[in-house]
There are 2 protein chains.
Amino acid sequence: MSDTFAIGELGRATDTKVETVRYYERIGLLSQPRRTSGNYRAYDRGHLNRLSFIRRSRDLGFSLDQVRALLDLADQRDRPCEAVDEIARGHLAEVERKIADLEALRDELRGMVRQCGHGSVRDCRIIEALSPGDARATAPG
Amino acid sequence: MSDTFAIGELGRATDTKVETVRYYERIGLLSQPRRTSGNYRAYDRGHLNRLSFIRRSRDLGFSLDQVRALLDLADQRDRPCEAVDEIARGHLAEVERKIADLEALRDELRGMVRQCGHGSVRDCRIIEALSPGDARATAPG
DNA sequence: GCTTGACCCTGTAGTTGCTACAGGGTCCAT
DNA sequence: ATGGACCCTGTAGCAACTACAGGGTCAAGC
């Protein structure tokens, strides 16, 4: 039963590329692990848990700065969790805004695609929808 | 009646930063304009139209590569517009996928925020939801 | 004991789509 | 002639990785 892991094992366990693990270390998100005699990184369960937390947060769309804040807060076990709540709420609002934007976009694209008459580019409604009203764009010289 | 524009005017007309216009020129998306005796860029209506097309496409979330393809297609007026349709459909599919992802995300975040008991971080459901099942993450050394 | 191959190391540069300087030149009005 | 608004080139920065190059380490197999 290995209680330490090489970087590759850690990566496989958390679905993270080795380069990404090293990147997290470089930017101070993941602490520097002990090194073996051959200068290999040797991670423990704490690292595994912390990296899992980071990856799950990233999957949920939190930025690295937000993840950093969440980790800091998670470490201060006695503090009220309002700050945590605020980050999550802020992120939720952001996600809802993005969804609304993308839905508007989707509707426009659907309209464009629906109107496509499959004729020549000359009569293409999609190009038309993208072009300015009066004149046509010209190619670069 | 100016029929040429300085870069700043072009930028204001298309809601584009001057640096961005120059960037589009550098990557070959916008053709190099004529220069004045003082080496200032002098744009014409063709440039204005082309840049409008680019900006509108970007607003609709097309990548610069997709915009480049659309511009190439728009210039080949006799070709069938199927390739245009395909790019638009591809992008639409991409947008729909993103919406679905974000909706799943939103639901998870809503669940997290709803469960927040406003206690201490020790009992924070949000942190809990982000943490791996068995053990807690530890701070970097 | 030597080789092979999988893994690890550092350091740097690339990705996307801009944005922000620094350090100058031009142009026009006063 | 001087001020300020504009323009020029070139380079570096942002997020969040990813992809090398050019080496070192380690365990297995012969």
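Per chain, numbering begins at 1; letters A, B, ... match sequence-line order. These figures come from a predicted structure and were not determined experimentally.
Here the P atom of nucleotide dC6(D) and the CZ atom of R41(B) are 17 Å apart, to the nearest Å. The CD1 atom of I27(B) sits 13 Å away from the C1' atom of dT15(C) (whole-angstrom rounding). Rounding to whole angstrom units, CZ of residue R68(B) and P of dC18(C) are separated by 12 Å. For E25(A) and dT18(D), the CD to C1' distance is 17 Å, given to the nearest whole Å. With rounding to whole Å, E9(A) atom CD is found 14 Å from dC26(D) atom P. The CZ-C1' distance, from R12(A) to dA6(C), rounds to 10 Å in whole Å. In this structure, CD of E94(B) is placed 14 Å from P of dT16(C), rounded to the nearest angstrom. Taking atom OH of residue Y43(B) and atom C1' of nucleotide dC8(D), one finds them 12 Å apart after rounding to whole Å.
Listed candidates were dC18(C), dC17(D), dT9(D). Nearest to the side chain of Y24(B) is dC18(C). Taking only side-chain atoms of R58(A), from C-beta outward, the nucleotide of dC17(D), dG17(C), dC8(C) with the closest atom is dC17(D). Considering only the side chain of R35(A), dT10(C) comes nearest among dC18(C), dT10(C), dC8(D).
Residue contacts for I7(B): at a heavy-atom cut-off of 4.0 Å it reaches the sugar-phosphate backbone alone, with no base atom in range.
The list of salt bridge (charged side-chain N to carboxylate O under 4.0 Å, His left out) pairs with a residue in residues 82-91 of chain B, not counting sequence neighbours, reads D85(B)-R89(B). Sorted pairs that involve residues 11-24 of chain A and meet salt bridge (charged side-chain N to carboxylate O under 4.0 Å, His left out), not counting sequence neighbours, are lacking altogether.
No donor-acceptor pair under 3.5 Å is formed between the side chain of T16(A) and the backbone N or O of T20(A). D44(B) places a side-chain N or O within donor-acceptor distance of the main-chain N or O of H47(B), the cut-off being under 3.5 Å.
When the C1' atoms of four end pairs are superposed on the next four at each end of the helix from dG1(C)-dC30(D) to dT30(C)-dA1(D), using five pairs per end, the two resulting axes differ in direction by 30°, to 10°.
A search for ring pair (Phe, Tyr, Trp, His ring centres under 6.0 Å) contacts involving Y23(B) returns nothing, not counting sequence neighbours. R56(A) is linked by a side-chain contact (heavy atoms from CB on, under 4.5 Å) to L60(A), E108(B), L130(B), counting only residues two or more places apart in sequence or in another chain.
At a threshold of 4.5 Å between non-hydrogen side-chain atoms, the residues I126(B) and I87(A) do not count as touching.
No side-chain donor from either of R55(A) and T14(A) sits under 3.5 Å from a side-chain acceptor of the other.
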### Message
Generate the contact string for nucleotides 19-30 of chain C. Rules: B means base contact, S means sugar-phosphate contact only, - means no protein heavy atom under 4.0 Å.
### Response
BB----BBS---
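Residues D75(B) and R50(B) are paired through a salt bridge, judged by an N-O separation under 4.0 Å between the basic side chain and the carboxylate.
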